[in-house]
2 protein chains.
Amino acid sequence: MKSTSGKGSTKSIDRHSFEPAYMQIARTISEQIATGAYRAGDRLPSESELCTGFGVSPMTVRRAVNILVERGLATAAQGKGTYVRSLALGEAVFRLREMTDRWYDGSIDVRLLEASIAPATARVAEVLDCKPGERMVYLRRLLLRDEAPLMYHREYLVYDPRRPLVEAQLRITSLEGLLESAGGEGFPRGNLTVQAVGLSSEAADLLDLATGSPALCLEHVFYDFSGRAVSWGWFLCRPDQFKLTSWIGAPEASGGGR
Amino acid sequence: MKSTSGKGSTKSIDRHSFEPAYMQIARTISEQIATGAYRAGDRLPSESELCTGFGVSPMTVRRAVNILVERGLATAAQGKGTYVRSLALGEAVFRLREMTDRWYDGSIDVRLLEASIAPATARVAEVLDCKPGERMVYLRRLLLRDEAPLMYHREYLVYDPRRPLVEAQLRITSLEGLLESAGGEGFPRGNLTVQAVGLSSEAADLLDLATGSPALCLEHVFYDFSGRAVSWGWFLCRPDQFKLTSWIGAPEASGGGR
DNA sequence: TAGTGGTCTAGACCACTTA
DNA sequence: AAGTGGTCTAGACCACTAG
């Protein structure tokens, strides 16, 4: 272990760096966790110790420690101290953006398969706050990349002639646009669900897969300002193209050795 | 709209509440977003305006605004202001804990099916930083609830006689323990992946499903302090029992009306 | 130039834990 | 009683944006 990264060392921060002091402190400590200078269960230096060690004010050191706590690397116990956490699968956080970013090069083609107005089925009325038979907007889209199908999207919208929602929806031709505004444009709240499903024959044909084969289903429900569910839809995604990934614990710290 | 929730009102905070001032401010603003007092694209009051409006210091109001930004409800633009964001699917964050919490009532039974030492296959050596043929710990577990299978877990560990890892692993009999320490006990870093897969006949038999039927696969790789991949495993989860859910946008605000 | 958010200071008081 | 983290103050300087 390099002496400069020892846990007791007074590693000072670079006041002229573009990186804020609180971030330098958070990074320094997380690197010490990554390299084993601090291990799971160890108590980190108290905030006052870190203040003198880094030569900053309490608020700055506190902000750094909060970052470690938010990342799940440490837990703070009032009156006791701040302790390094051990890894726990349950702490994992998956961000949809990391999955969709792979396709943000604009090469995705959005093909509108159907746009119609139809009465709500019992199932639709159950999910959306409406009566069976009420007029609904029904949309079906296929998303492709180099002519190869990636996702099949279906969506139901409560029909509201006052809202120019449908026209905006029909103009969507990019994945970015679809993810930004699928159903939820202008709504304050939504719920998402990810699960594994078996493809219906219709979806399987469109995705060029076998009926019943596994796919990732991203379901979304949006609510209006009065709390009413007004949009319901789901993406069926080819499982070879869509995975959620997440890192837990300390960020990569150039491998400890170096 | 009630006048007390209007956007220009000087809604004061309760100094004697158990809820900190910064949280009251964040909640107040997010409720105003939920009910439509502020809409997507609107500029929120400046920090100095919020300071005078709520009667708190700049740091307190800043902390509240930061919470809104972290939740994805607003974006802060230096020199311009803070603006309400529109919903975007890409901002969704899924927490594994919310899926596993359903089973934290202790009614899960962990059954160790196999614990052996075997040479690494080419595939294992490819994922873990080891040579084909190197001695590996191989574990297979079945997790049940009321005798009904929920998850099938397989795991490979680089064998290290200095590490009492295996013994600790064998003692795991609860889901909590497994999720806390599956492979990663004492390691600083791990990677997780969630995807949809089709079940092998072996896994399907154990999970009481049909071969090839869809399942949610949670894969995990853990790294030691030198950055070496030393643990690889995955949970195959019954799709009817395991979903990832997430809320985006403003939290539920008692339905706008009231 | 005025206003905005981003960072930081040097304290303060409180609740909590441990001894 | 001493030490810890949790909250909050009342400012400060900076970088950035706009008119």
Side-chain angles (χ1 to χ4, degrees), chain A residues 7-8 10-30 33 38 41-85, chain B residues 7-8 10-30 33 38 41-85:
Chain A
K7 54 201 289 186
T10 51
K11 180 153 188 172
S12 59
I13 61 175
D14 177 9
R15 288 286 176 182
H16 303 90
S17 169
F18 68 95
E19 192 181 24
Y22 70 88
M23 193 61 76
Q24 293 184 47
I25 296 172
R27 182 174 46 77
T28 299
I29 299 176
S30 65
I33 293 173
Y38 296 115
D42 288 357
R43 215 201 74 177
L44 292 178
S46 73
E47 300 192 350
S48 61
E49 287 171 333
L50 291 173
C51 284
T52 59
F54 286 101
V56 296
S57 75
M59 281 297 291
T60 303
V61 102
R62 159 157 296 273
R63 189 167 176 183
V65 170
N66 279 342
I67 289 176
L68 301 180
V69 172
E70 287 166 12
R71 288 184 187 167
L73 269 73
T75 55
Q78 198 176 42
K80 294 177 65 178
T82 307
Y83 295 84
V84 179
R85 292 189 57 168
Chain B
K7 52 201 289 187
T10 50
K11 180 156 189 171
S12 60
I13 61 174
D14 178 9
R15 287 288 176 182
H16 303 90
S17 168
F18 68 94
E19 190 181 24
Y22 69 88
M23 194 61 76
Q24 294 184 47
I25 297 172
R27 183 174 46 75
T28 299
I29 299 176
S30 65
I33 293 174
Y38 297 115
D42 288 357
R43 215 202 75 177
L44 292 178
S46 73
E47 301 193 349
S48 61
E49 288 171 334
L50 291 172
C51 284
T52 59
F54 286 100
V56 297
S57 75
M59 281 297 291
T60 303
V61 105
R62 160 156 296 272
R63 190 169 177 182
V65 171
N66 279 341
I67 289 176
L68 301 180
V69 171
E70 287 165 11
R71 287 184 187 167
L73 268 72
T75 55
Q78 198 176 43
K80 294 177 65 178
T82 307
Y83 296 84
V84 178
R85 292 189 55 169

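Below, read A as the first sequence line, B as the second, and so on, with proteins coming before strands; counting in each chain starts at 1.
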Verify the contact: side-chain N or O of [X] to OP1 or OP2 of [N], cut-off strictly under 4.0 Å; return yes or no.
{"X": "B:Arg62", "N": "C:dG5", "value": "no"}
{"X": "B:Arg63", "N": "D:dT7", "value": "yes"}
{"X": "B:Thr60", "N": "D:dT7", "value": "no"}
{"X": "A:Ser46", "N": "D:dT4", "value": "yes"}
{"X": "A:Ser57", "N": "C:dG11", "value": "no"}
{"X": "A:Thr82", "N": "D:dG5", "value": "yes"}
{"X": "A:Ser48", "N": "D:dG3", "value": "no"}
{"X": "A:Arg15", "N": "C:dT9", "value": "yes"}

Side-chain heavy-atom pair [X], [Y] within 4.5 angstrom cut-off:
{"X": "B:Pro45", "Y": "B:Tyr38", "result": "yes"}
{"X": "A:Lys80", "Y": "A:Arg43", "result": "no"}
{"X": "B:Arg71", "Y": "B:Ser30", "result": "yes"}
{"X": "B:Val56", "Y": "B:Ile13", "result": "yes"}
{"X": "A:Leu68", "Y": "A:Ile29", "result": "yes"}
{"X": "B:Tyr22", "Y": "B:Val61", "result": "no"}

Exercise for the section: Given side chain to side chain contact (heavy atoms under 4.5 Å, CB included), test B:Ile25 with B:Arg63 step by step and report yes or no. Expected result: CA-CA 9 Å; B:Ile25 297 172; B:Arg63 190 169 177 182; over 6 Å; no

Rounded interatomic separation in angstrom, taking [atom1] from [X] and [atom2] from [N]:
{"X": "A:Phe54", "N": "C:dC8", "atom1": "CZ", "atom2": "P", "answer": "13 Å"}
{"X": "A:Glu47", "N": "D:dT7", "atom1": "CD", "atom2": "C1'", "answer": "11 Å"}
{"X": "A:Lys80", "N": "C:dA19", "atom1": "NZ", "atom2": "C1'", "answer": "14 Å"}
{"X": "B:Leu68", "N": "C:dG6", "atom1": "CG", "atom2": "P", "answer": "12 Å"}
{"X": "A:Tyr83", "N": "C:dC16", "atom1": "OH", "atom2": "C1'", "answer": "13 Å"}
{"X": "B:Leu50", "N": "C:dG3", "atom1": "CG", "atom2": "P", "answer": "16 Å"}
{"X": "A:Asn66", "N": "D:dG6", "atom1": "CG", "atom2": "P", "answer": "7 Å"}
{"X": "A:Met59", "N": "D:dT7", "atom1": "CE", "atom2": "C1'", "answer": "9 Å"}

Exercise for the section: Answer with base, sugar-phosphate or nothing: what part of the nucleic acid does B:Val65 contact at a heavy-atom distance below 4.0 Å? Expected result: nothing

Practice task
Please list residues of residues 17-29 of chain A whose heavy atoms come under 4.0 Å from any atom in DNA chain C, ordered by number; otherwise none.
Solution key: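 Listed by number, they are A:Pro20, A:Ala21, A:Tyr22.
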
Completion exercise
Encoded 5' to 3' (Watson-Crick or G-U under 3.5 Å; [ ] crossing; | other strand), DNA chain D becomes ||||||||||||||||||.

Exercise for the section: Could you tell me whether a side-chain N or O of B:Gln24 sits under 3.5 Å from a main-chain N or O of B:Asp14, the two making a donor and an acceptor? Expected result: yes

Problem - Check: B:Glu70 side chain, B:Ile67 main-chain N or O, donor-acceptor pair, under 3.5 Å - result: no

Exercise for the section: Could you tell me which non-hydrogen atom of B:Ala74 sits nearest to which non-hydrogen atom of B:Leu44, and how far apart they are? Expected result: CB-CD1, 4.3 Å

Completion exercise
Of B:Glu49 and A:Val61, the one whose closest nucleotide on DNA chain C sits nearer the 5' end is B:Glu49

